[in-house]
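Here the structure is laid out as structure tokens; the discussion comes afterwards.
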Protein chains: 2
Amino acid sequence: MRARQLEVFIAVMRAGTVTAAARMLNISQPALSQILLHTEDELGFTLFERVKGRLRPTPEALEIFADAERLSAGLEGLRRKTTDLRLGRTGLVRVAASPPPALAILPRAFTSFRARHPDILLRSHMAPIAAIVDMLRAGDASLGVALDDRLPPDIEAEVLGSVGFACLLPIGHALAGKTELTLSDLAGEELISYRGNTRPADELAHAARAQGVVVSPSLEIDVSISAVGFVQAGLGIALVDALLPWHQFAGLAVRPLANGPEFPIALLTSRTRALSRVDEMMRDQIRAACSVVLGDDKTGA
Amino acid sequence: MRARQLEVFIAVMRAGTVTAAARMLNISQPALSQILLHTEDELGFTLFERVKGRLRPTPEALEIFADAERLSAGLEGLRRKTTDLRLGRTGLVRVAASPPPALAILPRAFTSFRARHPDILLRSHMAPIAAIVDMLRAGDASLGVALDDRLPPDIEAEVLGSVGFACLLPIGHALAGKTELTLSDLAGEELISYRGNTRPADELAHAARAQGVVVSPSLEIDVSISAVGFVQAGLGIALVDALLPWHQFAGLAVRPLANGPEFPIALLTSRTRALSRVDEMMRDQIRAACSVVLGDDKTGA
DNA sequence: GTGGCAATGCGGGCCCGTCAGCTCGAAGTG
DNA sequence: CACTTCGAGCTGACGGGCCCGCATTGCCAC
């Protein structure tokens with residue numbers, strides 16, 4: 001029994017006549033009549049008794065009607081579900097990001113995504129990069145955003161752009177008079193930056209060596225945002241990524257670091273897991289949001 | 001999503017490869033590949049990601065897989081149900097009959113029916129004819145067998161044959177010496193027969209009048225089988241239908257009544273209700289059983 | 001006769017199937 | 001290292017069957 005035959009059968013049962021059923025299904029009466037006859041032929045027994053030019057359901061028809069209706073409703077439900085999937089009206093998007101992109105890029109990406117797909121559940125995970133990789137591998141997140149593009153081979157990293165370093169100064173610090181700082185400006189200052197043996201720390205040391213200066217933090221952090229409190233407390237100048245929206249925090253001044261290294265902004269996905277439609281839509285929004293944020297950075301802040 | 005597409009999708013999900021799925025469905029690999037591609041085209045999103053010549057289900061495919069399997073199983077169940085209906089392997093047949101056919105015809109009909117369709121539930125109702133008509137109208141029975149063909153217009157009566165009267169004599173009665181009796185033989189005997197204002201009583205009286213004798217029962221019954229006890233007790237000679245297998249009862253002799261009226265044996269159905277396949281099969285068996293019983297009656301007893 | 005209903009005949013389009021042939025990647029072999 | 005082989009899936013051509021609309025007929029009731 002084909003799905004179409006199910007629909008026709010149900011329509012005739014509900015409408016009572018072939019003509020009315022044909023109207024319900026928006027097809028011609030002969031077409032429906034043919035399908036009905038063919039169905040009965042295939043089944044091997046009659047579904048309706050023709051009496052005086054009218055139809056009367058046989059006991060067999062009544063017997064299978066309930067099942068037919070249930071199945072047809074199920075098919076219709078599946079059809080709706082698939083159109084929802086096509087249009088991206090259902091599902092859950094989980095994005096794992098390290099704090100800077102989570103605070104700088106995801107809000108914008110989520111906003112535009114939500115405007116386009118209001119019914120999709122969104123979940124944001126702020127995590128260090130090792131945790132992001134684990135989540136991508138386990139399927140706990142399908143998209144990741146981090147400030148690193150050197151990743152295991154089973155993780156695909158698409159570089160969306162790059163962002164430099166920023167210096168966080170306590171309010172009133174002498175160096176706040178300059179619009180941008182260089183590494184040599186920081187000589188003799190108490191520095192707060194990433195702990196050793198991490199990529200940003202290495203790159204910073206490399207750049208400093210190239211410029212003939214020495215940069216050695218006296219206070220090490222692992223996540224840039226934790227520098228906020230230390231700078232506010234006057235413990236020193238922080239050398240951190242310029243992505244995080246530092247201006248939102250009171251009590252510190254932000255100055256870009258000239259000639260410093262760059263962080264790559266990478267969009268991470270698992271190579272062993274395919275993206276769902278909604279994941280792809282979110283990926284597009286993250287790309288767009290990133291370019292907007294970077295553009296704003298260049299012109300505005 | 002067509003039913004075929006559902007099957008193909010499930011087969012590919014289960015088999016893992018297109019070729020294996022095609023083997024499962026006994027079709028060629030290109031055919032299945034086409035259906036799968038067409039399905040994805042119709043859905044608007046891909047179900048499998050092609051990587052290195054292999055297929056990997058997308059999140060959407062995993063999402064709808066459970067529903068698809070459930071629906072497909074439902075369709076398969078309906079398919080089995082319809083073949084059961086066609087072959088008459090399912091259902092319930094309810095037959096209402098008055099006592100003589102219920103004891104003489106139905107056992108044979110049920111036996112041959114059961115031999116052909118062992119899985120069908122059978123139900124026999126022994127009831128007076130008024131109750132039979134009510135049951136047919138209400139759908140509590142779909143077939144009826146009675147010794148009357150004059151019935152309301154909404155009941156169809158198909159006459160399967162006819163049966164005459166029999167005389168039930170107490171063992172040792174003088175008339176037992178004759179192989180058959182006539183109405184005039186019964187003059188002066190105590191008679192047991194149907195109550196007045198019923199069809200057999202009227203016909204009996206009519207036949208007696210035609211033969212110039214008077215038949216007036218001194219003991220009235222409504223159902224012929226109830227005469228057994230009265231005859232065994234020596235209360236008189238019973239004039240009843242010859243259909244009921246009277247020889248099964250001890251303590252009475254049976255002699256046919258010559259030149260008596262005939263009972264029509266009628267197979268009853270409701271004109272407003274259609275017969276199911278199994279009902280029709282049972283109807284055929286009742287017809288056959290009736291002709292066998294009547295033929296045996298002519299030759300054997 | 002007229003109107004409503006179901007069935008039939010005819011023609012066209014789409015789906016589905018087989019068959020033959022193709023590309024691509026992995027694995028084996030000299 | 002180049003070649004072959006094999007298995008995976010895709011493409012194109014062709015045919016049959018299902019589904020559809022249009023025109024028409026048969027049947028019944030009013």
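Everything quoted here is computed from the prediction, not taken from an experiment. Below, chain A is the first sequence line, B the second, and so on; all start at residue 1.
Between B/V95 and B/M282, some side-chain heavy-atom pair lies under the 4.5 Å cut-off. Between A/M135 and A/R94, the closest side-chain pair of non-hydrogen atoms is not below 4.5 Å.
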Exercise for the section: Scan nucleotides 14-27 of chain D nucleotide by nucleotide, 5' to 3', and note B when protein non-hydrogen atoms come under 4.0 Å of the base, S if they reach only the sugar-phosphate, - if neither. Expected result: ----SSSBBB----
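Under a 4.0 Å N-O distance rule, the pair B/E156/B/R283 does not qualify as a salt bridge. Salt bridge annotation for A/R70-A/D67: present, with a cationic side-chain nitrogen under 4.0 angstrom from a carboxylate oxygen. Checked for salt-bridge contact, B/D84 and B/R277 miss the test: no charged N lies under 4.0 Å from a carboxylate O. Comment: A/D202 does not engage A/R199 in a salt bridge, judged by the lack of any side-chain N to carboxylate O separation of less than 4.0 angstrom.
With rounding to whole Å, A/F48 atom CZ is found 16 Å from C/dC5 atom P. If you measure from atom CD of B/E40 to atom C1' of C/dC15, you get 17 Å, rounded to the nearest angstrom. Between B/R56 atom CZ and D/dG9 atom P the separation is 15 Å, expressed in whole Å. The CG atom of B/L37 sits 14 Å away from the C1' atom of D/dG12 (whole-angstrom rounding). Regarding B/D41, its CG atom lies at a distance of 11 Å from the P atom of D/dT11, rounded to whole Å. Per the geometry, CG belonging to B/L55 stands 9 Å off C1' belonging to D/dA8, to the nearest Å.
Within the structure, a side-chain polar atom (N or O) of A/S33 is placed less than 4.0 Å from OP1 or OP2 of C/dA7.
Taking every heavy atom of residues 11-22 of chain A and every atom of DNA chain C, pairs under 4.0 Å involve A/T17, A/V18, A/T19, by number.
One N or O on the side chain of A/E40 and one on the backbone of A/L47 form a donor-acceptor pair closer than 3.5 Å.
Note: B/F48 and B/F9 have tilted aromatic rings, judged against thresholds of 30 and 60 degrees for the angle between ring planes.
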